[in-house]
Structure formats: C-alpha cells, structure tokens
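Whatever order the structure lists ligands and atoms in, that order sets their numbers, starting from 1. Nothing here was measured: the structure is a model prediction, and the numbers come from that model.
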Amino acid sequence: MNNIITAKFGGTSLASASQIRKAAEIIKANPSRKYLVASAPGKRFSDDIKITDLLYTCYAQCKTGDDKNFSATLEKISDRYAEIIKELEIDFDLEAETKTLEKNLLASKTPDYAASRGEYINSKIIAKFLAWDFVDAAEIIFFKDNGTLNESKTFKTAGEKLKNLSHAVVPGFYGSLPDGSIKTFSRGGSDVTGSIVARSVEADLYENWTDVSGMLSADPRIVKDPEVINYITYTELRELSYMGASVLHEDAVFPVRKAGIPINIRNTNRPEDKGTLISASRPADAPHKAVTGIAGRKGFSSIRVEKSMMNSETGFGAKLLYIFSRNGIPFEHCPTGIDTISVFVSSSLFDEKREIILREIKNELAPDFITIEKNLAAVAVVGEGMVSANGMAARVFSALAKAGINIRMIDQGSDELNIIVGINESDYENSIRALYNEMILK
Ligand code: ASP
C-alpha cells in the first residue's frame, strides 16, 4: 500500500462553489487523497451549458469573426468563474486568465486549446481553494504526433513530478503534442487523465467522483430503480459499456487496468454511498452474483446467406466476412447453421454500402438466397459468475419466452461471460425488463 488515492471529480461535481466545497470535504475526509483531477464546470441544472461547450462556441465565434457574440460568450464564461471565485472567497486573478484566453483565441489557437481552458482555469481555482499545488497537464501528459498517448514519457514525467509534491490538482481532458500545442482527449476525457495520474503516481485506488452512486445493473430509463452494481470486473465493464451502458470514458480503464489499480465510481452528492468498485477480479468477500448487468443496443441488421452444401465449401465464411471488412463494416455477431450464415451488423453502416455488399456477395459467393432483416436489437446478459452457474441460458430463454418475445439470434461468447440475444427492436424494452426481473432480481 502506498496510501495514495487519485480522485477525479467530474463536471457536475465541480459546477459551482457549493459543489467544489463538497469535493473539498471529500478530499479532506481521507488523507490518502493526494491528487485531484478536475473537470471543467459542468451543468448546474438540466438546461445549463457546460463551460466546455461555451468554450467551443466561443472558439467558433472568434473564428468566423462574429465579434459581438464572441465577446458575449467570453463574458459568460468569465462570469461563471467569477461567481465561483466570489463564493469560495478566494483571491484569484481571473482578469489575467480571461485576457490570456481572449488573446490566444484571437491569435488563432486551436479548438483543443480553447476547450482545455475549462479544466485549466477550474483546476487553478480549486488548487487555490485547497492551498494545493497546481500542475498543468500540458507539462505531464504527452501525445505523439499521430495523436496517441506517449505512455512511457507520460507515466515517467507525471510520476516524477507529482510524487515530489505532497498534494496536487491536475486539470483533466488535455495534454500536449510534441510541438508544445494543446491536444484534448475526446469528450469526457478527464476520466482518462484521472486514470493516467493514478497510474503515474502508483495509486492504490482511482476514485471517480460523479453525480450517480455507481454503475446501474440496467438502463434506468427502462427499468425502475435498477440495483447499483457494487463490484464489477474490468472485463464485465468492457462488455456492458460496449453494449451501451456508460459510466466512464472508454479509454479510462486501460492505464489503471495494466497496473491493477481498482476504480471506484462514487457520488459527490452522496459520499456515504459505496458506489461501484471496478477491479481485475471480484474481491473474495463480495457476495456471489452470477449476473452483473444487462445492457443492449438497437440499430442492427442481419444479412443471412444460404447456400446448399455451404459447409463443405472451404473459406465461405472467411470470404463473406472479408466482403464486410473491406467495405469498412465491422461485424458484431455471426451465427452459423449447416448451410446458412448470418452476419449481424450496425444498420447505419450497412445501409450506406448495401448495394455494393449485396452485389459482391452475389458475384463472389453465388448464394442460393440472401435475406436481410432490419430493426433488430441485441441484449446482453453479462456476468463472470455465469461460467460456474448451471441453467443460465435456460433462464434467459424462458424469461423471454414468458414475456412473449421471439429470439432472432443467440450468441454466447466462448468465455461464457455473456449471453447475447438478437430480438426485434420493438421487443427491446420488454426484453430488458424481463431479463432484469429474472436474472438480477431473483
Ligand atoms: N470537460 C470535458 C467535457 O465536457 C471533459 C470532461 O469533463 O471529462 O467533455
């Protein structure tokens, strides 16, 4: 144990002075919380505008010479910070920050530079409030010219710099390119910064403070008050996120996962809740649960190709999948029969290339029939505990049968981590509810 926790706070957790005070209380409650990664101020209420969005708008107005709106947006941004500074009762030279921002925007700095100032200024304010050091992410997070993270340089530099300080605030969302210019991660990227900082300082834990009490075992827009997932493995998280459940930026898992650092999703507004612990394996004392969560996505099509004696034709499947891959369409599932093979793909990608693909299948594979079905959805039941539990598939299928749902496709990954069913889009919500009731509640 190094007694080091990296705590990342998201936009809603730092959207106002009162939220920043809550974050500060959380930080002070555990002396191991030595590094804080901050997002830009997010929404305070549902139709509020995130500072990051205002900054992108401001950049665009500057670029198009829309001077009046440019000044108004800049003022809005500065006013949000002014209110925070006033309510935190700190001494902060906001005017200097705003002037630098304006000057750099007028000097044609990039949109990434503009967007990054949200976390940059917020982190400086928070550092002042906590009386901690501020470390600019541009000095410790490095991208290569091709835009990917320079991991070795980043982990080494960030580790050396931060471990020398007893406490520090680091702005999320950005780093620098080899020429020194600013580059951001994709939206929501402060999660990635938090993970990189945790890895660099060899933290015992990466806490990700947000506005929900953890990841939910099903979509709350479909299932009423779904259970919070207390423990989830990195692999299960990956499966559920891929199927549409979102709680963290996709790339946030990789830096900490490699180092075996667990992630704890916590709620800034309910710090008493334990949240979700994401780690390599379930802790030994965690209650056994076969199924961790249920998620799904709409918008699939199935292309079913039939040819008698297909199974004796070597390379038929490979040729079929190659047609999809060379047209830039990844396949999601590929169930096969003796003389049939279906390819499950995203409808929006397929629709663009439909004619070309059908022509190529006909010309190159001479099938007897091609059948296309649209408006399909996939629902996944995910849980590492399913490997050692009997009758899981039977329960999935009978729950769907009882709900009157016709299963169009079945896929069980060879690691038995998930069972995925293809259904009609119109059955999507009912399927999630039926599976939640059977597989999570029982
Ligand atoms: N502020 C950035 C965004 O709104 C990054 C983040 O908050 O993670 O996407």
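- Atom 7 (O) of ligand 1 has Ser39 OG, 2.9 Å as its closest protein atom, hydrogens excluded (heavy atom only).
- Nearest protein heavy-atom contact of atom 3 (C) of ligand 1 is Arg187 NE, 3.3 Å.
- The closest approach between any non-hydrogen atom of Glu119 and ligand 1 is below 4.0 Å.
- Residue Ile121 holds its CD1 atom at 6.0 Å from OG1 of Thr98, rounded to the nearest 0.5 Å.
- When each atom of ligand 1 is checked for a heavy atom of Lys50 under 4.0 Å away, the hits are 4 (O).
- Contact annotation: Gly118 has no heavy atom less than 4.0 Å from any atom of ligand 1.
- With a 6.0 Å cutoff to the six-membered ring centre and a 45° limit on the axis angle, Arg117 counts as a cation-pi contact of Tyr174.
- With a 6.0 Å cutoff to the six-membered ring centre and a 45° limit on the axis angle, Lys183 counts as a cation-pi contact of Phe143.
- With respect to atom 1 (N) of ligand 1, the closest heavy atom belonging to the protein is Thr52 OG1, 2.7 Å.
- The shortest N or O to N or O distance between Asp191 and ligand 1 is not below 3.5 Å.
- The side chain to side chain donor-acceptor pair (under 3.5 Å) search around Glu97 returns Lys124, not counting sequence neighbours.
- Checking Phe173, Phe185, Tyr56 against atom 5 (C) of ligand 1, the nearest heavy atom belongs to Phe173.
- One distance of note links CZ of Arg395 with CD1 of Ile419; it measures 10.0 Å at 0.5 Å rounding.
- Inclusion of Ser190 in the set of residues having an N or O under 3.5 Å from an N or O of ligand 1 is warranted.
- The main-chain N or O of His288 is never found under 3.5 Å from a side-chain atom of Arg282 such that the two would form a donor-acceptor pair.
- Residue contact annotation: Gly188 has a non-hydrogen atom under 4.0 Å from ligand 1.
- Cation-pi check for Arg199 over Tyr206 is not met; the charged atom does not lie both under 6.0 angstrom from the ring centroid and within 45 degrees of its normal.
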